Participant: 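This is the structure I have questions about; it appears just below.
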Amino acid sequence: MSKLPQTSSGIVIVGAGLAGLFTALKLSPLPVTVIAAAPIGRGASSAWAQGGIAAAISRGDAPENHARDTIDAGAGIVDEKIALLMASEAPERIKDLLRYGVPFDRDLEGKLAFSREAAHSQPRIVRVKGDMAGRKIMEALIAAVRQTPSITIIESYAAHELIMADGQVSALEAHDITDAKATSTIRIPAWAVVLASGGVGGLFKVTTNPPQACGNGLAMAARAGAIIADAEFVQFHPTGIAGDIDPSPLATEALRGEGALLVNGEGERFMVDVHEDAELAPRDIVARAVFSEIEAGRNAFLDCRKKPGTDFKTKFPQVYSYCVQAGINPENDLIPVVPSAHYHMGGILCDAFGRTTLNGLWVCGEVASSGAHGANRLASNSLLEACVFAARIAEDIATTAPHRIQTGARKILPSKPFRRADEDFETIQHLRTLMSKFTGVIRSQSGLKRILSEVEAHQQQGNESSQIWNILVAARIIIVAALERCESRGAHFRSDFPEPQTQLAHRSYFTLKQINELSHVYLKTP
Ligand code: SIN
């Protein structure tokens with residue numbers, strides 16, 4: 001664990017995944033403090049990403065094409081200006097990553113190699129050694145951060161509360177995760193906080209995300225008054241590897257791009273009857289079909305025996321090693337799969353510079369909702385969004401910095417008690433099971449109300465100074481937003497409203513106050 005610094009730089013970044021580290025590097029030489037809920041390099045979804053980064057660089061491609069694919073995938077509610085901005089700035093951000101030393105795959109002439117993924121009209125994904133992009137990008141960024149003296153890292157402290165004073169962010173409270181009862185807490189003064197704390201997958205029993213991604217940032221910002229957008233849209237990846245490993249290891253979509261098939265326990269290729277693109281249909285459609293096979297008792301499997309076949313180990317080293325861990329040899333055996341909570345399209349509302357509705361709070365990466373992803377994120381756009389917005393946020397903060405010279409104390413001080421209790425662990429596991437069941441791939445009003453009453457009961461007994469509180473707040477936001485969207489769109493599917501409604505083709509926006517008011521209405525009505 002890093003030694004705790006005595007003072008704060010005033011600019012504090014929460015999270016040390018791609019979004020957090022890229023922002024810190026882009027802010028250099030401005031001094032920044034990065035706080036990470038795990039030792040750096042661990043606990044961030046970015047390092048687990050098996051896809052790559054989408055960028056319209058190859059001959060014949062253009063940012064307009066990339067933006068169009070992003071807009072089409074987002075099922076009618078992508079912010080088109082944001083999608084175009086992201087696609088247009090992608091090539092520059094790939095150059096940045098190359099400068100930081102990311103070893104993207106090359107073709108025989110030494111030029112960047114581009115692969116194609118579902119719903120992209122062109123080959124435009126840059127990868128590293130097949131399925132190792134996330135890991136290799138993080139290794140390069142961590143090395144760059146270690147050589148950047150303006151960046152101070154506080155490892156193994158988890159932020160749990162944002163402090164506001166006079167309508168402006170003024171500090172952040174955090175606790176030591178190596179302290180079993182979490183009684184060692186600190187207050188870090190800040191005039192600028194960048195939340196880059198990841199998504200919400202950890203709220204679900206079956207997820208591809210690390211446990212740290214449990215909606216903490218979403219809840220902190222909502223409690224401080226920020227507007228939350230599109231919270232109901234959680235993407236379920238169709239092919240998490242089923243079994244006892246938690247979180248569930250991912251079997252990348254690129255396997256299907258290479259020809260792997262989806263079959264049920266009776267050996268039938270069920271996607272052929274579901275969509276004309278079969279295994280390469282949009283992610284939400286494949287996830288629902290896999291879910292239906294499992295619900296019907298037939299189970300679902302990836303068949304990689306013919307393709308990628310014996311190339312598996314060299315083309316997909318990461319998935320291969322996950323399979324081996326799960327006791328599967330993918331060259332001979334079928335891989336059992338299950339839809340797994342993978343990515344939150346919703347999050348804290350932000351503009352084109354990552355600014356939220358709170359002064360002094362910026363957001364980057366999965367915790368943010370910029371409008372780039374709509375109701376269903378296009379594959380390989382998430383690492384891209386993190387890089388594009390990190391650069392924009394750094395520019396915005398650097399412009400603001402000279403006007404925000406702080407005269408007040410910057411000392412990091414011990415703070416008020418906080419609670420992490422063993423008995424909460426059981427409650428969290430129970431909640432995760434209910435989230436997967438009722439707020440998962442297929443939702444309905446009765447199921448959502450059932451889990452809402454469970455969340456309400458736990459909140460009645462709890463208090464704000466505990467780890468479980470942020471988890472309950474984040475869960476409540478997603479549940480109520482899902483209750484409010486009485487239609488099916490992208491990743492949000494309601495069995496009681498199975499069709500999209502034209503008049504609902506817009507983003508959703510809620511404050512926590514509104515979520516709480518709506519909760520009480522739902523809880524009162526039978
Ligand atoms: C995958 O490799 O299947 C996931 C990529 C992504 O979520 O963008």
Side-chain angles (χ1 to χ4, degrees), residues 17-19 44-55 66 69-70 73-74 83 86-87 90 105 114-120 123-138 198-201 206-210 213 233-241 247-260 262 271 277 279-287 290 300 302 304 308 312 315-323 330 335 337-345 365-366 372-388 490-491:
L18 173 63
S45 301
S46 318
W48 296 8
Q50 291 176 14
I53 305 193
H66 182 182
D69 293 343
T70 302
M86 181 172 80
D105 294 341
F114 300 100
S115 56
R116 191 167 181 166
E117 279 180 357
H120 283 276
R124 65 166 74 97
I125 318 299
V126 287
R127 299 176 159 267
V128 183
K129 288 192 175 34
D131 63 4
M132 310 255 297
R135 190 150 129 204
K136 293 294 171 191
I137 290 170
M138 287 302 290
V200 300
V206 190
T207 178
T208 59
N209 292 186
F233 295 110
V234 177
Q235 184 171 67
F236 296 88
H237 197 290
T239 58
I241 300 178
S248 143
L250 182 68
T252 175
E253 188 165 279
L255 284 162
R256 281 174 279 134
E258 289 275 330
L262 278 166
M271 280 312 300
D277 293 333
E279 280 81 3
L280 294 179
R283 204 173 265 185
D284 59 308
I285 294 175
V286 184
V290 169
L302 253 185
C304 303
F312 198 113
K315 281 195 171 158
F316 301 99
Q318 188 137 283
V319 187
Y320 187 85
S321 89
Y322 286 144
C323 287
I335 307 173
V337 291
V338 59
S340 307
H342 183 60
Y343 189 86
H344 196 197
M345 276 73 72
E366 196 173 340
H373 306 304
N376 197 18
R377 177 183 59 90
L378 186 63
S380 289
N381 264 353
S382 52
L383 300 182
L384 172 63
E385 189 203 25
C387 294
V388 165

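Hydrogens, waters and symmetry mates play no part in the numbers below; they use all other heavy atoms, side chains included. Computed from a prediction, not measured in an experiment: that's the story for all the values here. Counting starts at 1 for both ligands and their atoms, in listed order.
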Participant: side-chain contact (heavy atoms from CB on, under 4.5 Å) for F316 and E258? Distances and angles first, verdict last.
Facilitator: CA-CA 11 Å; F316 301 99; E258 289 275 330; 3.6 Å; yes
Participant: List the residues meeting side chain to side chain contact (heavy atoms under 4.5 Å, CB included) with S382, not counting sequence neighbours, and say none if there are none.
Facilitator: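 Partners of S382 by the side chain to side chain contact (heavy atoms under 4.5 Å, CB included) criterion, ordered by chain and then number, come out as Y343, R377.
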Participant: Salt bridge or not for E117 and R283, using N-O below 4.0 Å?
Facilitator: no
Participant: Do R124 and D69 make a side-chain contact, defined as non-hydrogen atoms from C-beta onward lying under 4.5 Å apart?
Facilitator: yes
Participant: List for me each residue that meets salt bridge (charged side-chain N to carboxylate O under 4.0 Å, His left out) alongside D284, sequence neighbours excluded, and say none if there are none.
Facilitator: R288
Participant: Quick one, list the residues around ligand 1 where some non-hydrogen atom comes in under 4.0 Å, by chain and residue number.
Facilitator: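 Contacts of ligand 1 under 4.0 Å: Q50, G51, H237, L250, T252, E253, R283, H342, R377, A379, S380.
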Participant: How would you list, by chain and number, every residue that makes a side-chain hydrogen bond (donor to acceptor under 3.5 Å, both in side chains) with S46, sequence neighbours excluded?
Facilitator: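 Applying side-chain hydrogen bond (donor to acceptor under 3.5 Å, both in side chains) to S46 gives none.
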